[in-house]
Amino acid sequence: QKEVEQNSGPLSVPEGAIASLNCTYSDRGSQSFFWYRQYSGKSPELIMSIYSNGDKEDGRFTAQLNKASQYVSLLIRDSQPSDSATYLCAVKRTGGYNKLIFGAGTRLAVHP
Amino acid sequence: SAVISQKPSRDICQRGTSLTIQCQVDSQVTMMFWYRQQPGQSLTLIATANQGSEATYESGFVIDKFPISRPNLTFSTLTVSNMSPEDSSIYLCSVEDRAPTDTQYFGPGTRLTVL
């Protein structure tokens, strides 16, 4: 079992729709969760961080965390073609130094 | 967040040679990391660059192949030694934000092609 799992996609949604990206993790003690966006040929850029169960909203983005189910998701409302990218879920392990574990990423394609 | 630069941005190298990648941050940071992203893959942590001491390497990565320096709190280098085509990847430097957040931010990356 991979430590952080994501559906590789591509996830194809029409412009204006809600894109839902999902991620599960295996370390039940994980405390910090991050979503990064990576355009082709570019480095990852942070979209959202979430630490507590529930929803966290920032503009068109909402991160959802359910620690009991070991599940974190990212919703993108009113999807735009410019949102087309690979979205990486990252989880920080507990204990020791600050190591981020990345999922394989989900490729999102927003079509006009 | 800190501004991170990397040099070179890309390079094409011959098998058996070595390349040193530089990472510069515009502010002092405690934690710096080096990642590798192979074509079509996600990010894999190579090592944590520790200021004033030896880097902490992840399983599968060794100091002889990927020596790292961290002479101060704003600069680090990663050397890819005795390169083979399998080393063709994007190499990324990242830094962790100061408390109370623990967010990592990435540099622009170095795209390495080994022939």
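Owing to the predicted nature of the structure, the values given are computational and were not obtained by experimental measurement. Chain letters run A, B, ... following the sequence lines, proteins first, then strands; residues in each count from 1.
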Practice task
Spell out the residues in residues 106-115 of chain B that have some non-hydrogen atom less than 4.5 Å away from a non-hydrogen atom of chain A, in order of number; otherwise answer 'none'.
Solution key: B/F106, B/G107, B/P108, B/R111

Practice task
Decide yes or no for B/S42 and A/V4: does some side-chain heavy atom of the first lie under 4.5 Å from some side-chain heavy atom of the second?
Solution key: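 The answer is no, as the side chains (C-beta and beyond) never meet within the 4.5 Å cut-off.
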
Verify same cluster id: [X], [Y] (apolar side-chain graph, 4.5 Å):
| X | Y | answer |
| --- | --- | --- |
| A/I47 | A/L11 | yes |
| B/Y91 | B/L19 | yes |
| B/V29 | B/M31 | yes |
| B/L92 | A/L88 | yes |

Handout entry: Contact winner vs chain B - A/S40, A/G103, A/S8, heavy-atom pairs under 4.5 Å
Key = A/G103

Let me confirm one number: the [atom1]-[atom2] distance from [X] to [Y], rounded to the nearest 0.5 Å.
| X | Y | atom1 | atom2 | result |
| --- | --- | --- | --- | --- |
| B/I90 | A/Q38 | CD1 | CD | 6.5 Å |
| A/L100 | B/Y35 | CG | OH | 4.5 Å |
| B/Q37 | A/F102 | CD | CZ | 9.0 Å |

Fill in the blank from the handout: Turns out that what part of A/Q6 lies under 4.5 Å from chain B's heavy atoms comes down to neither

Exercise for the section: Counting only heavy atoms closer than 4.5 Å, note whether B/L43 contacts chain A via side chain, backbone, both or neither. Expected result: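 For B/L43, heavy atoms of backbone and side chain both lie under 4.5 Å from chain A.
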
